[in-house]
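The model shown is predicted, which means the values in this text are computed figures rather than measured ones. In this chain, numbering begins with 1 at the start of the sequence shown.
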Amino acid sequence: MLASKSSILKQLAIIFICLVGVVLFIPAPAQAASLKLEINGKKTNYKKVQSTVKYGSKRISSTKYKGLTIKGTKMAPYDDVFKKGLKIKTRYKSSSKEIIMSKNGMKVKMTIGKKNATVNGKKVKLPSAPVKVKYVKKKKTKILVPVKFLCNQFGYNYKTAASIITITDALLVEYDGTIAKSSVVGRFSYNDKVHKLAAMPVIKLENTLYIPAEETFSKIVGIEYNYDAESETLTLKNEATDATVELSPDQDTFMVNEIEEKLDAPMYMVKRKDTNKRVLCIPAKIVAKKLGYSYKWDKAKSVLSIHDLVYFNWKAENVVNSADAANLITEVGAVYNSAADCISFTFKGSDAAIMSQATVVRDDRVITVTIPASSKYCLDQFSFTKFVNTLEKFEVVEDGAGNVLFHITGINPSDFAYGVADGVLTLNIMNKLIGQYSIKIMKPSGITITDVTNEDLYNSKKFKIFIRGNHVDFFTKNPIIINNDAITDVSTSLGSDGNTVISVTTSKLQGYKIFDQADSFVVTVGNPKSIYKNIVVLDAGHGGHDSGATHNGTKEKDLNHKILYTLMKNYFSSNAPDTKVYWTRTTDTFITLANRAAFANKVGADIFISLHMNSASSASANGTEVYYSVNNNASSFSGIKSSTIATLFKNNLVSGLGTKSRGVKTAGYYVIKHNTVPAVLIELGFISGSSDYSKLTNASFQQKAAQIIYDSINQIFTSYPTGR
């Protein structure tokens, strides 16, 4: 049955009234709290964020009269923030409506309602004019000024986040006619001792860190310092490294050992605005490195550190070998190895056979090197005491029986490792004594660390230790001690050459180091990254059935293998290396590209280097090029990237080998694109090239290439430490 027309209209009217009622009872959205103000006499309701101003962690703005944002500029009451909070001398002239502020030789004059102002008499434009603001409810009038602008003028750092303005100390300086503030105010560390600089802290000018020349290098470091005020020339000389640097203010070049070099950041005479003292400041990094020091900036601690890389380098002059001295000690040096955190000594003798008989023993804190068989110390220097941290002194004694003894006294007992090659004994003094070990091997009579070598068979999860002579019976009576669950087997046998072989098998790939103790050799074993400071994978391209490019019967795979493995393996054969190398192949074996790339992750590598030889249809193609992948170029340890490594190798190989530079290039080669660490692929030269072929097949060129690659690896880890 259908309803009547009047009934329907009546029902619709009731529904409409109900809906209107619902709408009327919907609560209105909350309105933002407003602040009633009079700005320069004009009333307004302020609805923007009010700012709290802090000086460091301390609030210096009033809780009642916070900062306001006016025409896009953060403003705050000058009396609360600048006069009381920052202790800036401030005066207000009501007759002229001028606010005058002064501190550290800076004077700022502003006028209410005007953007024109002066800084030390020079006209400037303000981001927003000072304003008179009456807080109506509190019946109080304040003069607000632009906060960021004034922070910049008086040498403060300014930072804003949400409703907080944070002001922190900086240093206002004047140099080269420019007034600027340094966001860096740091300390200076020399040989691990931190100094708070009095004349001028470490400061940052134009993105370069500067240090006061006289206070750092003359008073703290103690090298030869001379500043000629008339010619405005500074001369610094480090006798230990025989390096001299000469600088003049505002110049883009400087002299290094009388050779002119480019200087991106010049020397400046800098005036501190807080003390009005003028201080000669030099760019820290380039000067320190040219003088032969290590350099490091710790941003978190604001400490700039340099360290002696050379303690001394003594050489005898005009030495004539005489019949009464079969072995002459003609050179002794001591350097600091920052990557390994050890002090390394070298002793050079004229008779390699006698030097190989040297012994090194430790008695508590004293390590003694004995050079036997009628040796003579031919140097004028006999002692050195300017070590830090690890050692107290170095001294030489000739015992009257034809032996030369070097006594090295440590602050505490320290472990050491040494070896002799070509008449040079190298001794590394570690910065600590290793109290824990994985393997302990008692020393047979007359055996020293120079009689010990090793071979890493990492693909088989094994390594071998070789000891000169037959000591199988000795180790039967003096069992080798094992103190590591990852070691599954240790066996002793006699090798075919008559020397003793100690074979160690582990449950997984492990790193190891062999150290010399008074009565034994101890071996630390563990995850490679816990053992070595630096880990490199060297990948000799191609192998097995994959010959790579060929020319005149020469195969690319053989050149890659010879340079990268045969000629380089001895560089990394130390008993206790800081840089460990793993090779993707050590023989003429085919390895898939996927396995090569994955190998870096397997051994915990820091960098991956693949070596190849190029080829082209035309013999005119010659030169060196280095590739990296844009898909694998993220920052790694110390900020290094694949592109950084590629540039370094290209520069070093081209300049060292004299090959044509074909530049640094990008490509999607599998071993660099799909790697887990910074990776590069070196195309050393063209095997098909008219000039490259004779170079690539030349033995001395190959040896030099191996040396440059080795030196470049060391350069990478010195400039970009892994932090382990």
> Measure across Ser128 and Pro146 and return the closest heavy-atom pair with its distance rounded to 0.1 Å.
O-CG, 3.7 Å
> Under 3.5 Å, side chain of Lys273 to main-chain N/O of Gly155, donor-acceptor pair present?
no
> Does atom NZ (Lys301) have a neighbourhood of more than 12 heavy atoms from anything else shown, all under 6.0 Å?
no
> Are Tyr65 and Lys140 side-chain neighbours, meaning at least one heavy-atom pair lies under 4.5 Å?
yes
> Would you name the heavy atoms of Pro249 and Glu232 that are closest together and state the gap between them?
CD-O, 2.9 Å
> Would one find more than 12 heavy atoms of other residues, nucleotides or ligands at under 6.0 Å from atom NZ of Lys289?
yes
> Any salt bridge between Arg662 and Glu625, counting N to O under 4.0 Å?
yes
> Find out whether Arg272 and Pro201 are in side-chain contact, i.e. whether some heavy atom of one side chain is under 4.5 Å from a heavy atom of the other.
yes
> Return yes if some donor-acceptor pair links the side-chain N/O of Glu215 with the main-chain N/O of Ala198 below 3.5 Å, else return no.
yes
> After noting the C-alpha distance and the side-chain angles of Phe649 and Thr624, does the key distance pass the side-chain contact (heavy atoms from CB on, under 4.5 Å) rule?
CA-CA 10 Å; Phe649 271 105; Thr624 299; over 6 Å; no
> Looking at Ile167, is its backbone amide N or carbonyl O close enough to the side chain of Asn157 to form a donor-acceptor pair, meaning the two atoms are under 3.5 Å apart?
no
> As an exercise, state the distance from OG of Ser305 to OH of Tyr190, rounded to the nearest 0.5 Å.
12.5 Å
> Counting N and O atoms only, with roles assigned by atom type, does the side chain of Ser62 sit under 3.5 Å from a partner on the main chain of Lys64, one being a donor and the other an acceptor?
yes
> Answer yes or no: is there a side-chain heavy-atom contact under 4.5 Å between Asp308 and Tyr293?
yes
> Is the closest side-chain heavy-atom distance between Thr644 and Tyr720 below 4.5 Å?
yes
> First locate atom CD1 of Ile709, then atom CG of Leu653, and finally report the distance between them rounded to the nearest 0.5 Å.
6.0 Å
> Classify the ring geometry of Tyr92 against Tyr78: parallel below 30°, tilted from 30° to 60°, perpendicular beyond 60°.
tilted
> Side chains of Tyr175 and Tyr210, heavy atoms from C-beta outward: is any pair under 4.5 Å?
no
> Please say which of Asp169, Thr166, Thr168 ends up in a side-chain hydrogen bond (donor to acceptor under 3.5 Å, both in side chains) with Tyr55.
Asp169
> Any side-chain to backbone donor/acceptor pair from Asn238 onto Leu291? Under 3.5 Å, distance only.
yes
> So, does Thr216 use its side chain to make a donor-acceptor pair with the main chain of Ala213 at under 3.5 Å?
yes
> May I ask you to decide whether Lys290 forms a salt bridge with Glu261, counting only side-chain N to carboxylate O separations under 4.0 Å?
yes
> Answer whether the closest heavy-atom distance between the side chains of Thr579 and Lys533 falls below 4.5 Å.
no
> Under the side-chain contact (heavy atoms from CB on, under 4.5 Å) criterion, do Val133 and Tyr46 qualify, and how do the steps go?
CA-CA 11 Å; Val133 175; Tyr46 181 86; over 6 Å; no
> Tell me, with the steps shown, if Ile165 and Thr160 meet side-chain contact (heavy atoms from CB on, under 4.5 Å).
CA-CA 4 Å; Ile165 296 173; Thr160 180; 4.2 Å; yes
> Taking Pro266's backbone N and O only, do any of them form a donor-acceptor pair with Asp252's side chain (distance below 3.5 Å, no angle check)?
no
> For the residue pair Gly604 and Ile535, what are the closest heavy atoms and their distance?
O-CD1, 3.4 Å
> Roughly how far, to the nearest 0.5 Å, is the OG1 atom of Thr141 from the CG atom of Leu37?
10.5 Å
> Start with the C-alpha distance between Ser712 and Asn652, add both sets of side-chain angles, then the distance that settles side-chain hydrogen bond (donor to acceptor under 3.5 Å, both in side chains), and finish with yes or no.
CA-CA 7 Å; Ser712 298; Asn652 290 354; 2.9 Å; yes
> Hey, does the side chain of Asn191 reach the backbone of His307 with a donor-acceptor pair shorter than 3.5 angstrom?
no
> So which heavy atom on Ser102 is nearest to which on Ile88, and how close?
O-CG2, 3.7 Å
> Output yes when a side-chain donor or acceptor of Ser182 lies under 3.5 Å from a complementary backbone atom of Leu171, and no otherwise.
no
> Going from CG on Asn207 to NZ on Lys204, what distance comes out if it is rounded to the nearest 0.5 angstrom?
5.0 Å
> Check whether Thr666 reaches the backbone of Val630 with its side chain - one donor and one acceptor, N or O, closer than 3.5 Å.
no
> If I take atom OG from residue Ser642 and atom CG from residue Leu681, how far apart are they, to the nearest 0.5 angstrom?
11.5 Å
> Run the side-chain contact (heavy atoms from CB on, under 4.5 Å) check on Tyr268 and Val173 step by step: do they pass?
CA-CA 11 Å; Tyr268 288 122; Val173 296; over 6 Å; no
> Would you name the heavy atoms of Phe154 and Leu172 that are closest together and state the gap between them?
C-CD2, 4.0 Å
> Give a yes or no on whether Asp250 atom CG has more than 12 heavy-atom contacts from other residues, nucleotides or ligands under 6.0 Å away.
yes
> What distance do Ile143 atom CD1 and Met110 atom CE have between them, rounded to the nearest 0.5 Å?
9.5 Å
> Knowing that exactly one of Asn534, Asp606, Asp578 qualifies, which makes a side-chain hydrogen bond (donor to acceptor under 3.5 Å, both in side chains) with Arg724?
Asp606
> Looking at every non-hydrogen atom in both residues, tell me the closest pair between Ala600 and Asn675 and how far apart they are.
CB-OD1, 3.2 Å
> Count the heavy atoms of every other residue, nucleotide or ligand shown that sit under 6.0 Å from CD of Glu239, and state whether that count exceeds 12.
no
> If you define the side chain from C-beta out and look only at heavy atoms, does anything of Arg187 sit under 4.5 Å from Val202?
no
> Any heavy-atom pair between the side chains of Asn116 and Lys123 that's under 4.5 Å?
no
